[in-house]
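Chain letters run A, B, ... following the sequence lines, proteins first and then strands; every chain starts at 1.
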Amino acid sequence: MVFSSLLFLFRYLPVMLILYYAAPRRLRNGVLFLGSLLFYGWGEPVYISLMLFSSLVDYTHGLAISRMQQRGERNKARLAVASSAVINLSLLGFFKYSGFLTETLNGWLGTSIPVPELALPIGISFYTFQTMSYTIDVYRGDAKAQKNLVDFGAYVSMFPQLIAGPIVRYQDIAAELGSRRENPEEFALGAGRFAVGLGKKVLLANAAGAVWEEVCGMGAADRTVAMVWLGLLAYGMQIYFDFSGYSDMAVGLGRMFGFHFPENFRYPYTARSITEFWRRWHISLGTWFKEYVYIPLGGSRKGPARQVVSILTVWILTGIWHGAGWNFLLWGLYFGLLLLGEKCVWGKYLQTWPRWAAVSAAQLLVFGGWVLFAHDSLADGLLYFRQMFGMEGLAFGSARTLYLIRDSLVLLAVCLFGCTPLPAALWRRICRRAEAQAPRLAGLLPAAGIAVLLVLCTADLVDAGYNPFLYFRF
Amino acid sequence: MRQNTWHAPVNGVFLGFLGAFALISLWKPQQGFSQSENRYLQTRPEFSWESLLDGSFGTAYEAYLSDQFPFREGWIGVGTGFRRLQGAGDVNGVYFGKDRYLMERFEREDLEGEVLDRNLEAAAQLLAWAGETLGMDRTRVMLVPSAAQVLKDRLPFLAAPYDQSRITKRLGQMLAERLGQEAAAGLMVPAEEALTAHSREPIYYRTDHHWTALGAYRGYEAWAESAGLAAWPREDFTVKTVSDSFLGTIYSKVNIPWPADTIQAYLPAEGPAYTVYYDGAETPGELYNYGALEGKDQYSFYMDGNHGLTRAARKEAAPESEGAGRRILLVKDSYAHAMAPFVMNHFEELHMIDLRYYNGDIRAYIQEQGITDLLVLYGIPQFAAERTAAKMR
């Protein structure tokens, strides 16, 4: 199930809220656990068993590790962590990478091993990383082992962040799993955040996605240079508003149920370097790789050569985390190299650049990366690149280009504005002014905003034109 | 002050909105058929454990929720209005043209492709065969462009849709390869030119993808001239407006308040009477279905809507000058329905085959029924997308 659906908004969420708040406090994690399994299993019920298996494995491993640590059996504990990691990564590897690996092998060796055709269990990359963080945290002593299987299940399967992040580390919400305080004000903050996220996904991302689909869906010869750039801009907007919209919805839903998830996006398209971009984009994934891969590999503590290896490893892994394909691997490597370059070569000059120049340069590189990211086939991606620079004999513009610009001008302008902190600042200003001039009505302003968002999003969902789920590969 | 008051309205709006529509959608009676979308809506699926486990229940339930959502059409209208507000030139592939024309937007990737290739090949084969069997003067093909191709000055600012004449030209080339340049040119009725010459007249509906009776009359004139027949002048018909409440298929895609179209019938002041048989029925049907005007799909007024096989026979024998002994077959889509009443006046019998619903062999039919004339008549976008047109092969 996805958030941006009538099913979620008008069936699942109301029922879930009623059951959750009707249940006594000690049963609420149970309600969350069972409800989340239903959420997860809606499309593919068989995969519920996978999630239960994953939960059980990490639950028992966590307990075992904690006991071994208490007895001072560090080596045994280390083995247990390794066992948990192996099981988790095998599941991920089997479902996500086996097809890609056999295809690659077949290609290299000329063999014809049958390629397994497995439907990727939705969100597997997110929850595998979450459960791994749990056993590692227990091993490191950063978290206490969870004794209650239901509480643990609620953590692993928690529907708000289950399918598209943020990746919530166990230590982030361990305390709230045990005791949390839901209250009307938190709920309202959550509802507002959810509505904003829904609006980003439905009103901006889907509409920008339609522009991108048109450009990449037309015959390559019908494109023009201007159109290809426009399409790329639209794609960048789609993926940002889609992903950050999902994260907003997750954070908002979390608050409605009394949880505080970490923020996942902080205006990444305003970053003035690639390093800064990745501190602002999918923050929870970056944190995860830093905590559980980069630092254990030695980080910056074991000399420059080791650091280069660590950085490239992390970025190749980050790449293929996004999908099993060469384009994703290259996309990761591309960022790894750029980050190394910034660290060692041109980073210091970058700081002397004026802000606008640095931001433009960084974002050009980011959007260049999206070309790789968006095309499953490398050949298509390279063709798109060449078209961007007029290398395929494309005209600069055409009548259709003009129409497409006319059609998407307002949308893309709103998107660009929405990438910056300006809308939030503007909204605060409106609220302050309203409060000064009409204090009685000002209290209704947030409610009015949410009503407008809900109406427009519902209209779009009923129309059910274009509403893709982009993370089926993650 | 604000800290204490703002969250209650937020929670009220949020929970009220979700709760209210959840309840209404549970309580509201279900609708089986959508007149406006012209399709059966998904109703609430029966629960069973098997269907739940194989995922089909989930899929059907989501379709049901969307199809049966309370005030569905109103929501679609709100969505359309919002996108128009953003300055979009088209919404859901519908141009908002000048003079309140709603027109379908087609681009190359919508029309060109394997289906079109196969259909062109099949049509060329049938036409070449008919040209040789029935005679070049007895065989015609007419591909009718949609409104956006003809009413170019009514398109929204900067709109530049696909040039549908490319498809007509391709067919011309394929025929020329088989029959030679001159013969091929003779087979093609210049529909686009004829309609463009009358583009200031109401030849297309504002809310539907078909041409109007007047548009069909202009098409008929072009066909008659091409076929060497004298088209009946307009004065020979009494034009009767039979409906002024027609909101067609294009309207259904946008669902916002829009002025309705009128439907007209061109009734010959004095002309031969015909008996029409649909799908091989023994009992005759009606040439014009007045019942259809009560519903949504009012274009079905002409020739009773879609039938696989239609046969119209003159009640009294025709005089020599009025096509005695001549029987025409139309291989067609629904564009033909508005034009057939004009064409039939020149023949003893008029047959129509709609390949969407007819699976027989066209060549065998022509020979069995003593067909003397053939007209292949399609709207261009339909011809490009309709897989069944390849049955002409």
Chemist: What part of B/D90 lies closer than 4.5 angstrom to a heavy atom of chain A: side chain, backbone, both or neither?
Modeler: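 When you check distances to chain A, atoms from both the backbone and side chain of B/D90 fall under 4.5 Å.
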Chemist: Looking at every non-hydrogen atom in both residues, tell me the closest pair between A/Y403 and B/F157 and how far apart they are.
Modeler: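 Residues A/Y403 and B/F157, closest heavy atoms: CD1-O, 4.0 Å.
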Chemist: To the nearest 0.5 Å, what is the distance between OH (B/Y64) and CG (A/L7)?
Modeler: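 Atom-to-atom, B/Y64:OH and A/L7:CG are 10.5 Å apart.
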Chemist: With a 4.5 angstrom heavy-atom cut-off, is it the side chain or the backbone of B/P156 that approaches chain A, or both, or neither?
Modeler: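 It is both, since atoms from each part get that close.
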Chemist: Tell me which of these, B/L26, B/L18, B/L53, B/L52, has more heavy-atom pairs under 4.5 Å with chain A than the rest.
Modeler: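 Ranked by heavy-atom pairs under 4.5 Å with chain A, first place is B/L18.
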Chemist: Atom CG in A/L456, atom CZ in B/F82: separation rounded to 0.5 Å?
Modeler: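 Result: 5.0 Å between the selected atoms.
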Chemist: Select one option (side chain, backbone, both, neither) describing which atoms of B/E62 are under 4.5 Å from chain A's heavy atoms.
Modeler: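 The answer is the side chain of B/E62.
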Chemist: How would you list all residue pairs meeting side-chain hydrogen bond (donor to acceptor under 3.5 Å, both in side chains) that involve residues 9-23 of chain B, not counting sequence neighbours?
Modeler: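 Checked against side-chain hydrogen bond (donor to acceptor under 3.5 Å, both in side chains) - neighbours excluded - no pair reaches residues 9-23 of chain B.
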Chemist: Cut-off 3.5 Å, no hydrogens considered: what does the side-chain donor-acceptor table look like for residues 251-258 of chain A, sequence neighbours left out?
Modeler:
| from | atom 1 | to | atom 2 | distance (Å) |
| --- | --- | --- | --- | --- |
| A/R255 | NE | A/E186 | OE1 | 3.1 |
| A/R255 | NH2 | A/E186 | OE2 | 3.4 |

Chemist: Is any residue of residues 100-108 of chain B within less than 4.5 Å of chain A by heavy atoms, and which ones?
Modeler: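 Expected list: B/R105, B/E107, B/R108.
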Chemist: Any sub-3.5 Å donor-acceptor pair from A/R406's side-chain atoms to B/A159's backbone N or O?
Modeler: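 Looks like no, no N/O pair under 3.5 Å.
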Chemist: A/D463 versus B/R83: any side-chain heavy-atom pair under 4.5 Å?
Modeler: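 Contact flag for A/D463/B/R83 side chains = yes.
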Chemist: Which atom pair, heavy atoms only, marks the closest approach of A/A459 to B/G79?
Modeler: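 Reported closest heavy-atom pair: CB-N, 3.6 Å.
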Chemist: Among B/A20, B/G16, B/P9, B/G89, who wins on heavy-atom pairs under 4.5 Å with chain A?
Modeler: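 The candidate making the most pairs under 4.5 Å is B/G89.
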Chemist: Could you pull out the closest heavy-atom pair between A/L6 and B/S66, with the gap in Å?
Modeler: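 Heavy-atom minimum between the residues: CD1-CA, 3.6 Å.
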Chemist: As an exercise, state the distance from CG of A/L461 to CH2 of B/W75, rounded to the nearest 0.5 Å.
Modeler: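 Nearest 0.5 Å value for the CG-CH2 distance: 10.0 Å.
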Chemist: For the residue pair A/E214 and B/E109, what are the closest heavy atoms and their distance?
Modeler: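 Minimum heavy-atom separation between A/E214 and B/E109: O-OE2, 4.2 Å.
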Chemist: Taking all non-hydrogen atoms of both residues, which atom of B/S25 and which atom of A/R11 are closest, and how far apart?
Modeler: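 Reported closest heavy-atom pair: OG-NH1, 2.9 Å.
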Chemist: Pick whichever of B/G58, B/G74, B/G81 has the most heavy-atom pairs under 4.5 Å with chain A.
Modeler: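 Max contact count across the listed options: B/G58.
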Chemist: Go through the structure and list residues passing salt bridge (charged side-chain N to carboxylate O under 4.0 Å, His left out) with B/R44, not counting sequence neighbours.
Modeler: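 Once residues adjacent in sequence are excluded, B/R44 has no partner under the salt bridge (charged side-chain N to carboxylate O under 4.0 Å, His left out) criterion.
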Chemist: Hey, could you give me the CG/OH distance between A/D407 and B/Y95, rounded to the nearest 0.5 Å?
Modeler: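 One gets 9.0 Å once the value is rounded to the nearest 0.5 Å.
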Chemist: Give, for atom CG of B/L15 and atom CG of A/L17, the distance between the pair rounded to the nearest 0.5 Å.
Modeler: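 The CG atom of A/L17 is 6.5 Å from CG of B/L15, to the nearest 0.5 Å.
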Chemist: Would A/D222 and B/Y162 satisfy side chain to side chain contact (heavy atoms under 4.5 Å, CB included), going step by step from the backbone distance to the final call?
Modeler: CA-CA 11 Å; A/D222 282 351; B/Y162 174 73; over 6 Å; no
